[in-house]
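Below: one structure, written as structure tokens.
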Amino acid sequence: MITTDFVHGSPCWLDIGAPDVHATARFYSSVFGWEFQSMGSDPEVGEYGVFQLDGKGVCGIGPLTEQGARSAWMIYFRTDDADATAQAAERQGGTVRVAPSDADGWGRMAQLTDPQGGQFAVWQAGEKAQGGMEVTDQPGALCWTELYTTDAAAAKAFYGGLFGWTTQDVPLPGDGDGTYSLITPADQPEERMHGGLMQLPAKDLSLTGGRPYWHPVFATADCDATVAKATENGGSVQMGPEDAEGVGRLAVCVDPNGADFVVLKPSEM
């Protein structure tokens, strides 16, 4: 369960880097009913905006800023000290792609990479606002985060050391040989589980050329209808829709720029 009372190590924001901000905004608005609100344009970086659902911030969108970067969703995890977290990531074998920097008083952020190559970001709230998603765990909003990695044990050790996450291994639905690791923030009850990680061989990570990656899971009231909207607007489907016992009905979608995301109608919804 993802909530908006963020704690250290919990998902607090996400955004997507896109080659064409407005075209990509039209795609996601068609799929999820989001409204795009421009936050202005920087001559050196480009335009950044926020997607809203019923007037509440869901996630952000901006231009691709790294040379050779693919369009992808970036998940931000809450930290009490962005600089200390970046330093800790380096000590544990990770790298700092974007050094900690201030975001006009809203907060301080850094973009990091885990030792296996999975990219993520951290956010330290500033004085202007707590910063973060204003709506979660409802149709059209983030309800889960997921890491595909080539080394689950190493990933659990890295993120556990960095954020204090605890993990619980469970069998994959319908696959007795596979394992899925559920993630809970430090010192939080099981109902605050916010994501999972799964080990896959590099050959199965085709979107990134074999490199591990995080992706978001958005809740929907009708998985099939949401998938239809994605394909009608130029997206494609990697997997599903299909039912996962005890989880719900889900599909892995890819937007017109190659960024993947999951849509899920939870069992209880």
Side-chain angles (χ1 to χ4, degrees), residues 1-14 73-81 84-86 88-95 110-123 132-133 136-137 142-202 204-205 208 210-219 244-248 250 252 260-262 264 266-268:
M1 179 180 183
I2 295 178
T3 68
T4 56
D5 57 333
F6 310 116
V7 297
H8 182 70
S10 68
C12 64
W13 186 246
L14 72 162
W73 284 96
M74 181 68 62
I75 297 173
Y76 293 69
F77 298 102
R78 184 64 170 267
T79 180
D80 299 324
D81 189 328
T85 301
E90 289 187 310
R91 287 196 302 270
Q92 294 178 214
T95 56
Q111 293 191 17
L112 312 173
T113 304
D114 69 31
Q116 288 70 51
Q119 298 182 352
F120 64 103
V122 294
W123 175 261
M133 299 171 288
T136 59
D137 269 4
L142 185 72
C143 67
W144 195 249
T145 62
E146 195 166 61
L147 171 66
Y148 288 164
T149 182
T150 50
D151 190 333
K156 286 189 282 187
F158 173 79
Y159 290 102
L162 192 65
F163 294 122
W165 289 350
T166 58
T167 57
Q168 176 185 340
D169 293 344
V170 297
L172 283 171
D175 182 359
D177 295 329
T179 299
Y180 192 84
S181 299
L182 301 166
I183 300 167
T184 305
D187 303 319
Q188 296 297 309
E190 285 189 1
E191 55 263 30
R192 288 297 299 269
M193 285 179 181
H194 65 251
L197 65 87
M198 181 170 61
Q199 181 169 310
L200 292 171
D204 290 344
L205 304 177
T208 56
R211 177 177 55 78
Y213 61 94
W214 285 93
H215 59 207
V217 180
F218 297 109
E245 184 179 354
V247 177
L250 57 86
V252 181
D260 74 303
F261 59 98
V262 177
L264 168 69
S267 299
E268 67 275 11

- Task: Would you sort out whether Thr85 and Thr79 count as a side-chain hydrogen bond (donor to acceptor under 3.5 Å, both in side chains), showing the intermediate values?
- Result: CA-CA 7 Å; Thr85 301; Thr79 180; 2.6 Å; yes
- Message: With ring-ring contact (aromatic ring centres under 6.0 Å, His included) as the test, pick out the partner of Trp214 among Tyr159, Phe120, Trp144, Phe261.
- Response: Tyr159
- Message: Taking the side chain as everything from C-beta on, heavy atoms only, tell me whether Asp169 gets closer than 4.5 Å to Lys156.
- Response: yes
- Sub-4.5 Å side-chain heavy-atom contact between Ile2 and Thr145: yes
- Task: Report yes if some heavy atom in the side chain of Val122 is under 4.5 Å from a heavy atom in the side chain of Phe163; otherwise report no.
- Result: yes
- Search all heavy atoms of Pro212 against all heavy atoms of Thr149 and return the closest pair with its distance. CB-CA, 3.7 Å
- Check: Thr179 and Gln199 side chains under 4.5 Å, non-hydrogen atoms: no
- Query: Does Arg211 reach the main-chain N or O of Gly117 with its side chain, forming a donor-acceptor pair under 3.5 Å?
  - Reply: yes
- Message: For the backbone of Leu182 and the side chain of Gln168, can you confirm whether one donor and one acceptor N or O come within less than 3.5 Å of each other?
- Response: no
- Task: Identify the heavy atoms of Pro216 and Leu142 that sit nearest to each other, and give their distance.
- Result: CB-CD1, 3.6 Å
- Could you label the plane-to-plane angle of the His215 and Tyr213 rings as parallel, tilted or perpendicular, counting under 30° as parallel and over 60° as perpendicular? perpendicular
- Query: Taking all non-hydrogen atoms of both residues, which atom of Ala155 and which atom of Leu147 are closest, and how far apart?
  - Reply: CB-CD2, 4.1 Å
- Message: With rounding to the nearest 0.5 angstrom, report the CD to CG distance, Glu90 to Leu162.
- Response: 11.5 Å
- Item | Distance-minimising heavy-atom pair for Phe6 and Met133 | CZ-O, 3.4 Å
- Scanning both residues in full, the closest heavy-atom pair of Ser267 with Gly248 reads OG-N, 3.2 Å
- Heavy-atom distance under 4.5 Å between the side chains of Leu172 and Tyr180, does that happen here? yes
- Task: Mind checking the CD1-CD spacing from Ile183 to Gln188? Nearest 0.5 Å is all I need.
- Result: 14.5 Å
- Does CG belonging to Asp204 count more than 12 external heavy atoms closer than 6.0 Å? yes
- Message: Would you say that Phe218 contacts Leu14 through its side chain, given a criterion of any heavy-atom pair below 4.5 Å between the two side chains?
- Response: yes
- Check whether any side-chain heavy atom of Leu197 sits under 4.5 Å from a side-chain heavy atom of Trp165, and report yes or no. no
- Task: Identify the heavy atoms of Ala219 and Cys143 that sit nearest to each other, and give their distance.
- Result: N-SG, 3.6 Å
- Rounded to the nearest 0.5 angstrom, the CG-CZ distance for Asp5 and Arg78 is 10.0 Å
- Does some side-chain heavy atom of Gln111 sit less than 4.5 Å from a side-chain heavy atom of Gln119? no
- Would you please classify the geometry between the His194 ring and the Phe77 ring as parallel, tilted or perpendicular, with 30° and 60° separating the classes? tilted
